[in-house]
Amino acid sequence: MSNTYKIFSYFLTLTFGFIVISGCTESNELPDRGYTLVWADEFDGTTGDPPNPEFWNYDIGTGDEGWGNNELQYYTNRTENIYIDGRGSLVIKAINEPFGGRNFTSARITTKGLKEFQYGRIEARIKTPFGQGLWPAFWMLGADIDQIGWPQTGEIDIMELRGQEPSKILGSIHGPGYSGENAISQPFQLFDSRFDTDFHVFAVEWGPDFIDFFVDQRLYNRLKPEDLPAGTDWVFDKPFFILLNVAVGGNFVGSPSSNSRFPQTMLIDYVRVYQ
Amino acid sequence: MGVKDIYPYPYWEVMIFNIKKRLDMKNKHIFLFSSLLIFSTIGCVREEFDDLPRARYSRTADIFTDNFVGLGSDFYFPYQGAKPDVFSVDDNESYEGTSSIRIDVPDADDPGGNFAGAIFRIDGAGRDLQDFNALTFYARASQAATISEIGFGQDFLGDTYRAFRTDVKFTTNWQKFVIPIPDPSKLLEERGVFQFAAGGIGPEGEEVGFSFWIDELRFENLSSLAQPLPKINNGENQEVNSFSGVTFPVTGTSVTLNFDGLDISVVASPAYFNFTSSNPSVATVNNQGQVSVIGAGNSTITASLGSDATEIDALGSLTVNSPGQFIGAPTPPARNAEDVVSIFSDAYTNVQVDNYNGFFQFATTQGGLTNIAGENIISYTNLNFVSVNMFNSPDVNASEMTHLHLDINVRENVDPGDFIRVQIINNNGPTETSGAVNLGNYKPLVSEEWISYDIPMSDFGGLGTANDVDLIFFISDGTVSDIFVDNIYFYR
């Protein structure tokens, strides 16, 4: 009962939100912000290619405390875990195998130091993995993370999904005073499909005093400095870099179960940035 | 092509029946004229009929809401051996509305049968289930219980498109359950809409009965059901050795689907799959998954589920290795009945045998009596020791016989140190006697060839008078793993 109510009330909120934003028009699309494409990776390589090293770095290993979330995977740069599929997509594959003292391998890439952006529309077209304990994400971190640390640097989660809820994604921001479980977060749920069966476009449109969250051109959340907890700072006014990864286990999703199917893949058709 | 695969009837019967059914509703004159026309043109314009839209059977989704929907009157068929009267409609329990289906699982000692199991088969034409992807229902039990099987597609008329979940756990609260349809496009006229089998709770032989209730039983199209993963041979790649003339089924066929994040597997009839043989001159496979070995060589059987854009390769395969025709053991000579005591031979009348493999403790040996392309033989695999057992059968008196005959065919390379010892135990028990011989002392073991051994009874030192032969052991201690045995008999 409570679930049904939650979904329904969420639906109401959404509907109401649309009306407010779009002024009672049929669609919730915003006026064109006049963006033009400034960078893209279409992943149009040959089967088995690694991602373009001019754009992407690898995060390798287990990080500190499982990348801060008690994640269970060992990230590698092997083509078993990350490769261009030759059909226009990048594949990140989570595999159930012993490696480096862990039972799962996967991959995480970032544009840190290579492609960093302040403001604009950042989008990717993605088909997610599924199943208990899978945690795919398309997100951003502040480019000054090594100087000031997390969460001071800021984090924008454009898409993250719990594999056990394949019809629901979350868009969130983390910053000092509103990070981890206290992040400012909004789910978006499909009622007639799932995120692992078809590609969907996940995007933020980000300006000096707003971050709008989109799924397939549908605006489902707008965050502004006044939405932050009292006394906290809006830290989204500097360059950020982009991350793509598939985590296994961790605080956000819980561990995979015997019911989870492996290997699991995230397909990324493209990442594009407009300003 | 597809039509032939789907219908158990000849193509034209079905086609005409469907056309007739549709026209019947409109105008009888048209029907008569049309059927004449159809019959007169069958030979020459077969293709044109493929373009006709096919009349579809009922697309009704509901099976039970507060009562049965469109099942007719005679739809309940219990399994053989099941307690027949376990089913009722309960007006005091429901998930929704006023009533539910109630099943009373019997105690293990119930004289009417020790389990509940039945099918619901539509009394009339089947349903077209192409628009659905799952059978769903709500269920609860009088106490937490495991239902052995629950599904659909069983009609006792071939069970062509069975799909069922195993070991489904019901609790005392109403919960929704989903049985995915492996490939809805196959279900054009399905009569078997529900099936269950359940025993009581507790240790084997002492199970206590319980009740469970099913409500809102219907077919649905769930967008939350996705990611089919078909498997044959339990998803494993396996090699099997066989011969021309042998047929066997592909087993271990299942489909796993993900329902809103959770994987659900159904055992699925082979008929849901499309099978392929990599070398049809060695082995063929039909659309029921029946493999027929027809020649020498290797062939790998693989499968897929669905067609065109939705076709998915199944995990698992079966590679058939065949040397061609099976060559049987030499036929024993004709003998007078009093000159032979036969344990296993098609040439003589055999004594009564308990079994050809007792699966004794510490024995790894698999196999036993088998039939290869019409020949009865004994096939042992993974041999360490095994015995032909007669200790529960009438006494086998070979005391007048002078020799033991055996034909042995080793199904693998013979390596140095390989041996097969034959041991006879007489009058099994505290006063038993036994003797053993090593076959290699008579003739060397040979790979893939029948070797006949004729061993004097006097060589079985310690056996004494063989007036109650109870066990004949084959012992290799694992040095020889796979053998065929034929024509085990004593003679004089």
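Residue numbers begin at 1 in each chain, while the letters A, B, ... track the order of the sequences.
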(request) Identify the heavy atoms of D263(B) and N259(A) that sit nearest to each other, and give their distance. (result) N-OD1, 2.7 Å

(request) Over all heavy atoms of both residues, which pair between D260(B) and S167(A) is shortest? Give the atoms and the distance, please. (result) OD1-OG, 4.2 Å

(request) Please check if atom OH in Y95(B) has more than 12 non-hydrogen atoms from other residues, nucleotides or ligands closer than 6.0 Å. (result) no

(request) Provide the closest heavy-atom pair for S223(B) versus S193(A) in the form atom of the first, atom of the second, distance. (result) OG-N, 3.8 Å

(request) Tell me, out of G261(B), S265(B), A226(B), who's got the most heavy-atom pairs with chain A below 4.5 Å. (result) G261(B)

(request) Mark yes when over 12 heavy atoms from residues, nucleotides or ligands other than E65(A) sit less than 6.0 Å from its CD; otherwise mark no. (result) no

(request) Enter the distance from L262(B):CG to E165(A):CD here, rounded to the nearest 0.5 Å. (result) 12.0 Å

(request) With a 4.5 angstrom heavy-atom cut-off, could you sort out which part of L229(B) is near chain A: side chain, backbone, both or neither? (result) both

(message) Distance check, rounded to the nearest 0.5 Å: N258(B) atom CG versus Q164(A) atom CD?
(response) 10.5 Å

(message) Closer than 3.5 angstrom, by distance alone: can the side chain of Q227(B) be matched with the main-chain N or O of D196(A) as a donor-acceptor pair?
(response) yes

